[in-house]
S.K.: 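This is the structure I have questions about; it appears just below.
So that the names make sense, note that chain A is the first sequence line, chain B the second, and so on, each numbered from 1. What you see below is based on every heavy atom in this structure, not just the backbone, and it leaves out hydrogens, waters and symmetry mates.
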2 protein chains.
Amino acid sequence: MVDQVGSLGQQMWDFVYAYDAAYDRAAREVGLSAAQACLLKAVAERPVTMGELASRLLCDASNVTQIVTRLESKGLVRRQPGARDGRSKEVVITPDGAVLDERMRVAFTFPVERLGLLSSDARDALGSALDVMLGRDG
Amino acid sequence: MVDQVGSLGQQMWDFVYAYDAAYDRAAREVGLSAAQACLLKAVAERPVTMGELASRLLCDASNVTQIVTRLESKGLVRRQPGARDGRSKEVVITPDGAVLDERMRVAFTFPVERLGLLSSDARDALGSALDVMLGRDG
DNA sequence: TATTGTTATACTCTATAACTATA
DNA sequence: TATAGTTATAGAGTATAACAATA
């Protein structure tokens, strides 16, 4: 059992390694860093405050300030005053930003490619395993 | 089917995100950056040349130079002349480095923790799926 | 001449501490 | 006074270009 976990641990490492590398490559293909692509993705769903971005990206607020400033200077997002709280700011994606986010999703072929190698049953099994490991059932 | 892949893609994203965050946290716990921990892990197996490290870490050689220099200044690795080729250098782990690498493995509890949530059958299924997605059979 | 590694440089990511403005 | 965000600063990761030493 320990050996099974050990070997699985190595496979998991290799897979995450390949996943991260592919994400980084895709981001650079569209002219972004991985961190920028990540933030753009978060903002693409809906406007998000700076603080919320820091929470979701698991980093310091001062870091978010800089990444947003860079994306803003590229015209991909803009800051707007927070809805209720005069202190807060929301980051909103621009049309150009939405286009680039979509290009990024297209460029990041890794997940679809790899999942496409699995049988339907294997996909089901993988989905169940990920649910459990993410604490989403059981 | 497309929806299945889409949902699975999100689960995969979430899992990789959690994995990366956990690795980063573990590295910081032992006083390393993720990149430093990664290089130390590579060198822990056996001496590796600078160029080989660049290949394995998927980065430029000049980057490896800097990371190795930092690890060397912490006394965790050392450079030694290459075996056959007088131009090359091998990076060798020191006793202190080996201790820290082991501490890192202990600190990085994420894989074992999460795999421990799975049944034996689910682990088998996950292992098979990863093999296929990593192109290691079929 | 080609290759291994380093140096110089520049940009990005990241965090800490001090600060401004608002609550 | 507490909170949201920014600024200043510093260390680390990263790549490109120019370079040294060796093959």
S.K.: Give a yes/no on whether any side-chain N or O of Arg79(B) is located under 4.0 angstrom from OP1 or OP2 of dG5(C).
M.R.: no
S.K.: How long is the straight-line distance from CG of Leu118(B) back to CG of Leu8(A), given to the nearest 0.5 Å?
M.R.: 8.0 Å
S.K.: Leu71(B) CG to dA12(D) C1': how many Å, rounded?
M.R.: 12 Å
S.K.: I need the CD-C1' distance between Gln80(A) and dG5(D), as an integer number of Å.
M.R.: 15 Å
S.K.: Taking for each residue the nucleotide of DNA chain D bearing the nearest heavy atom, is the 5' side occupied by Glu90(A) or by Ala34(B)?
M.R.: Glu90(A)
S.K.: Round to the nearest Å and state the distance from Leu32(B) atom CG to dA12(D) atom P.
M.R.: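 The answer, rounded to whole Å, is 11 Å.
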S.K.: For Thr69(B), report the nucleic acid contact type (base, sugar-phosphate, nothing); a contact means any heavy atom under 4.0 Å.
M.R.: nothing
S.K.: From CG of Leu39(B) over to C1' of dG5(C), roughly how many Å is that when rounded to an integer?
M.R.: 15 Å
S.K.: Checking all strands, does Thr65(A) fall into the base, sugar-phosphate, or nothing category for heavy-atom contacts under 4.0 angstrom?
M.R.: base
S.K.: Within this structure, what is the CG-to-P distance between Leu53(B) and dA15(D), rounded to whole angstrom?
M.R.: 14 Å
S.K.: What's the CG-P distance between Asp20(A) and dT14(D), to the nearest Å?
M.R.: 11 Å
S.K.: How many angstroms lie between CD in Gln10(A) and OG in Ser7(A), if you round to the nearest 0.5 Å?
M.R.: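 Result: 8.0 Å between the selected atoms.
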S.K.: Charged N to carboxylate O under 4.0 angstrom, Glu52(A) versus Arg46(A)?
M.R.: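 Judged by the 4.0 Å cut-off on N to carboxylate O distance, Glu52(A) and Arg46(A) do form a salt bridge.
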S.K.: Which pair of heavy atoms, one from Arg103(B) and one from Glu29(B), lies closest together, and at what distance?
M.R.: NH2-O, 4.1 Å
S.K.: Under the criterion side chain to side chain contact (heavy atoms under 4.5 Å, CB included), I'd like the reasoning laid out for Ile93(B) against Leu76(B): C-alpha separation, chi angles, the key distance, then a yes or no.
M.R.: CA-CA 6 Å; Ile93(B) 200 162; Leu76(B) 304 175; 6.0 Å; no
S.K.: Taking atom P of dG5(D) as reference, at what distance in whole Å does atom CE of Met50(A) sit?
M.R.: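 Roughly 7 Å, once rounded to whole Å.
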S.K.: Hey, would you say the Phe108(B) and Tyr19(B) ring centroids sit under 6.0 Å apart?
M.R.: yes
S.K.: Looking at Ala35(A) and Ile67(A), what are the two nearest heavy atoms and their distance?
M.R.: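 Smallest interatomic distance, heavy atoms only, reads CB-CD1, 4.1 Å.
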S.K.: Assign a letter to each nucleotide of nucleotides 14-23 of chain C from its 5' end: B, base within under 4.0 Å of a protein heavy atom; S, sugar-phosphate only; -, no contact.
M.R.: BBB----BBS
